[in-house]
2 protein chains.
Amino acid sequence: MVTDKHYAALDQVLELAVLINDDMTRSLAQDGLTVSRTHLLWELRRRGPSTQRDLADALKVSARTVTGLVDGLEATGFVTRQPHPTDRRATLVTFTERGVRTVEEMERGQQEFARLLFAEMPEERLDCFSEALGEILIRLREASRLTDPRGGDQ
Amino acid sequence: MVTDKHYAALDQVLELAVLINDDMTRSLAQDGLTVSRTHLLWELRRRGPSTQRDLADALKVSARTVTGLVDGLEATGFVTRQPHPTDRRATLVTFTERGVRTVEEMERGQQEFARLLFAEMPEERLDCFSEALGEILIRLREASRLTDPRGGDQ
DNA sequence: CATAATAGTGAGTCAAGCTCACTATGAGGG
DNA sequence: CCCTCATAGTGAGCTTGACTCACTATTATG
């Protein structure tokens, strides 16, 4: 049985997804940054200097798309392409000074965002929320794994 | 203070947004339907026959964009354009038979989705989740209202 | 009636994804 | 050693969905 409560909760979840998305889009529209380019920067931060191939795999995007994103990020001075030390086919994407600074700013922005969402929430409620959300994510990941044509089982 | 718990919860929320988005994109890629076209269908369902202007406002999108979406939906036979009875500048977008059937199917899909996410969850936890999410949405809407250049205060 | 506002569209731009075809390089098998 | 195949990256060109600007047709108003 699906009750009204379930529907109400679903509506909340959908609204959350939309608002989070909007927020991301909006907050990054400076300095020629876009959502996708920002994803790439985050991934680069997580992995350190990487080949475009590795970035493509990590972002679940075609190699061609990464070429375009890196083109953009290079043009605006966030990253540079370096020759790969051992594989002359590959290039290493690395941060510039400016890129590092920008990512650090984005991290501060995320801290701010966490504060906005949760700072006023009593710990008990946060725990409950987090546990429920954990359950939901498990189900969602499972459903996603089953339907995703890219076969998201890593 | 922002604690590790806050960060963990934020990560969960971000993952939720991504998964929900992916799910929407994937589940609707049939019959020439896309996310935006589907949004328009939902809005049309909610409002009944509407002018493109009204749809543009409701979807917070330019009139030009709605023209394109309606073009697509008309081509695949989900909606038709009818002359407005009193204003000869305007056109009314209305469902075809097929459009109605499709929207009803989508509603069943949403029911299924609610079941997937919440059916196994004890009511207590669902209540707590929903309340916490409500708080969060209030803060998010507020933040969105402040930063949104379109001035989302209706 | 002249002017302003509104509804919709054509043309052209941009971001972000895709595929296909291509070059350059690397890795293995005879 | 060389021939073949795989891999890394890119050029060209397509799609969707957003945008703006300029335009037509119509309505509303001073």
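Below, chains carry the letters A, B, ... as their sequence lines are ordered, and counting in each starts from 1. Nothing here was measured: the structure is a model prediction, and the numbers come from that model. As a basis for the values below, the full set of heavy atoms in this structure was taken, side chains included, without hydrogen atoms, waters or symmetry mates.
Rounded to the nearest 0.5 Å, atoms NE2 (B/His6) and CZ (A/Phe113) are 13.5 Å apart.
The distance from atom CG of A/Leu55 to atom C1' of D/dG9 is 13 Å, rounded to the nearest whole Å. Rounded to an integer number of Å, the gap from CG of A/Asp87 to P of D/dA6 is 17 Å. Per the geometry, CG belonging to A/Asp54 stands 8 Å off P belonging to D/dA8, to the nearest Å. One can place CD of A/Glu74 at 13 Å from P of D/dG9, the figure rounded to the nearest angstrom. Look at CG on B/Leu40: it is 16 Å from P on D/dT16, rounded to the nearest Å. Taking atom NZ of residue B/Lys60 and atom P of nucleotide D/dC19, one finds them 13 Å apart after rounding to whole Å. Per the geometry, CZ belonging to B/Arg53 stands 12 Å off P belonging to C/dT9, to the nearest Å. When the C1' atom of C/dG17 is taken as reference, atom CG of A/Leu69 falls 9 Å away, rounded to whole Å.
Contacts of A/Ser36 with the nucleic acid, taken as non-hydrogen atoms under 4.0 Å apart, involve only primed sugar atoms and P, OP1 or OP2. Residue contacts for A/Arg37: at a heavy-atom cut-off of 4.0 Å it reaches the sugar-phosphate backbone alone, with no base atom in range. Here A/Val66 lies out of heavy-atom contact (under 4.0 Å) with every strand.
Taking side-chain N and O atoms only, B/Thr91 has a distance below 4.0 Å to OP1 or OP2 of C/dG8. For B/Arg88, a side-chain nitrogen or oxygen approaches OP1 or OP2 of D/dT27 to under 4.0 Å. Of the side-chain N and O atoms in A/Ser62, one or more sit less than 4.0 angstrom from OP1 or OP2 of C/dC18.
Out of D/dC19, D/dG9, C/dA7, the shortest distance to the side chain of A/Thr67 is found at D/dG9. Side-chain proximity of B/Arg64 to D/dA12, C/dA11, D/dA18: nearest is C/dA11. Nearest to the side-chain atoms of A/Arg81 among the listed nucleotides D/dT10, C/dC18, C/dA16 stands D/dT10. Each of D/dT7, C/dT9, C/dA7 was ranked by its minimum atom distance to the side chain of B/Arg89; first place goes to C/dA7.
The pair A/Glu43-A/Arg46 meets the salt-bridge criterion, with a side-chain N (NZ, NE, NH1 or NH2) lying under 4.0 Å from an Asp/Glu carboxylate O. A salt bridge does not link A/Glu142 to A/Arg139: none of the charged nitrogens lies less than 4.0 Å from a carboxylate oxygen.
DNA chain D is contacted by both A/Gln52 and B/Thr65; A/Gln52 maps to the nucleotide lying nearer its 5′ end (nearest heavy atom per residue).
A donor and an acceptor atom, one from each side chain of B/Ser36 and B/His39, are nowhere located under 3.5 Å apart.
By the criterion of side-chain heavy atoms lying less than 4.5 angstrom apart, applied directly or through intervening Ile, Leu, Val, Met, Phe, Trp or Tyr residues, A/Met24 is not grouped with B/Ile20; the two fall into different hydrophobic clusters.
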